[in-house]
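Before any comments, here is the structure.
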Amino acid sequence: MKSCNWNPSMTDMHYQDKQLELDLLKELGNIGAGNAATALSQLLNKDIYMNVPKAKIVSFNEMMELAGGPERPVAAVFLTMEGEIAGSLFFVLSLEDATRLIQQLVEDDSLNKESLPQHEMALSALQELGNIVSAHYLTALSEAIGLLVTPSVPQVSVDMVGAIVMAGLLEISHVSDNAIFIDTELSQTSDVTAEKIKGHFFLIPFPDSFDKILTELGAK
């Protein structure tokens with residue numbers, strides 16, 4: 001019988017490279033989530049735990065489906081990235097989870113998902129929460145790749161997924177069609193069975209910035 005040595009194909013190597021990139025993006029997400037949890041714990045004066053169960057690279061169509069479909073109402077914080085890495089970033093929450101999270105901050109029992117779009121204090125709190133979480137994630141990314149990333153002042157919106165995404169992608173959609181998707185879970189205990197507030201990060205770098213991120217991650 002003729003023996004042969006197995007050699008990984010280009011497809012196998014490509015898959016392994018992509019899996020390594022996703023593992024690194026997930027780990028960066030967990031670092032950012034840990035730092036954000038500390039900041040939120042201080043802001044809310046209670047324990048907050050965050051973790052990142054999943055990270056993947058998706059198309060814009062997949063991005064909307066992962067957020068619940070284009071017609072699903074959500075609360076979102078949107079900002080742009082500037083500096084050596086440029087692009088857009090969304091932090092998206094269901095109306096139910098956004099309301100539960102904000103209630104802990106504004107301590108207003110009258111707040112509900114129906115009143116959220118007109119509740120100025122709640123929207124301001126959501127903007128600050130999104131700013132904290134996004135800033136800590138971008139700091140973790142910046143430190144990992146050694147490139148400066150500066151977030152803009154965040155904007156908050158309550159609308160359907162499709163409307164929010166398309167408004168935020170006007171500048172970038174004609175040159176890019178991929179996003180880095182990072183799941184985020186928040187809870188008040190480290191118990192894995194505890195009730196969680198689920199959010200979604202969508203990081204959408206310009207193509208040259210996307211290449212920089214993946215190159216620098218691979219070089220570390």
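In this chain, numbering begins with 1 at the start of the sequence shown. Keep in mind that what you see is a predicted model, and the values were worked out from it rather than measured.
Under a cut-off of 6.0 angstrom, the local environment of CD in E71 is sparse, with at most 12 non-hydrogen atoms contributed by other residues, nucleotides or ligands. The number of heavy atoms from other shown groups lying within 6.0 Å of CD (E114) is above 12.
In this structure the side chain of L147 reaches within 4.5 angstrom of the side chain of E216, judged on heavy atoms. When side chains are defined from C-beta on, M81 does not count as touching P151, because their heavy atoms never get closer than 4.5 Å. Under the 4.5 Å side-chain criterion, counting only non-hydrogen atoms from C-beta, V165 is not in contact with F60. V74 places none of its side-chain heavy atoms less than 4.5 Å from the side chain of V158. Looking at heavy atoms from C-beta onward, L138 lies in side-chain contact with L203 at the 4.5 angstrom threshold. With contacts defined as side-chain heavy-atom distances shorter than 4.5 Å, the pair E84/V149 does not qualify. Under the 4.5 Å side-chain criterion, counting only non-hydrogen atoms from C-beta, K54 is in contact with F181. Between P70 and E65, some side-chain heavy-atom pair lies under the 4.5 Å cut-off.
Taking all atoms of both residues into account, the shortest heavy-atom contact from S209 to A86 is OG-N, 2.9 Å. A pairwise comparison of heavy atoms in M50 and A37 identifies SD-N, 3.8 Å as the closest pair. Nearest heavy atom pair, residue S187 against residue K196, reads CB-CG, 4.1 Å. The nearest pair of heavy atoms linking A67 to H200 is CA-CD2, 4.2 Å.
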Stepwise, does the side chain to side chain contact (heavy atoms under 4.5 Å, CB included) test hold for K56 with D183? CA-CA 9 Å; K56 60 194 297 187; D183 247 348; over 6 Å; no
Let's go through S41 and K46 carefully: what are the C-alpha distance in whole Å and the side-chain angles of both, what is the deciding distance for side chain to side chain contact (heavy atoms under 4.5 Å, CB included) to 0.1 Å, and is it a yes or a no? CA-CA 5 Å; S41 295; K46 61 182 68 176; over 6 Å; no
Run the numbers on S59 and E62 for side-chain hydrogen bond (donor to acceptor under 3.5 Å, both in side chains), then give the verdict. CA-CA 5 Å; S59 69; E62 290 175 296; 3.2 Å; yes
Side chain to side chain contact (heavy atoms under 4.5 Å, CB included) between L89 and I204: does it pass, once the steps are laid out? CA-CA 6 Å; L89 187 147; I204 310 166; over 6 Å; no
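A distance-only check finds a donor-acceptor pair linking the side chain of D97 to the backbone of K198 [under 3.5 Å]. At distances below 3.5 Å, not a single donor-acceptor pair connects side-chain atoms of T150 with backbone N or O atoms of G83. Side chain of T215 to main chain of D211: a donor-acceptor pair is present (N/O by atom type, distance under 3.5 Å, no hydrogens or angles). When atom types are taken as modelled, the side chain of T80 and the backbone of S88 share no donor-acceptor pair closer than 3.5 angstrom.
Both F206 and F78 belong to a single network of hydrophobic side chains, linked directly or stepwise wherever heavy atoms of I, L, V, M, F, W or Y lie under 4.5 Å apart. Under a hydrophobic clustering in which Ile, Leu, Val, Met, Phe, Trp and Tyr are joined whenever their side-chain heavy atoms come within less than 4.5 Å, directly or via other members, I57 and I145 fall into the same cluster. Linking Ile, Leu, Val, Met, Phe, Trp and Tyr residues whenever their side-chain heavy atoms come within less than 4.5 Å places L126 and L95 in a single cluster. In terms of hydrophobic clustering, with Ile, Leu, Val, Met, Phe, Trp and Tyr side chains grouped at heavy-atom distances under 4.5 Å, M64 and M160 are assigned to different clusters.
Between F201 and Y137, the ring centre distance stays below 6.0 Å.
Distance check, rounded to the nearest 0.5 Å: CD of E120 to CG of L123 gives 8.0 Å. The line from CD of E96 to CD1 of I197 is 11.5 Å long, rounded to the nearest 0.5 Å. A distance of 12.0 Å separates CD1 of I180 from CZ of F202, quoted to the nearest 0.5 Å. Separation of atoms CD (Q127) and CD1 (I102) is listed at 11.0 Å; rounding is to 0.5 Å. Here the NE2 atom belonging to H119 is positioned 5.0 Å from the CG atom belonging to L111, to the nearest 0.5 angstrom.
Applying side-chain contact (heavy atoms from CB on, under 4.5 Å) to L129 and the options L186, L93, L101 leaves one that passes, L101. Of the options V161, V77, L79, I164, a side-chain contact (heavy atoms from CB on, under 4.5 Å) to F90 is made by I164 and by none of the others.
Side chains of N112 and S115: a donor on one and an acceptor on the other come within 3.5 Å.
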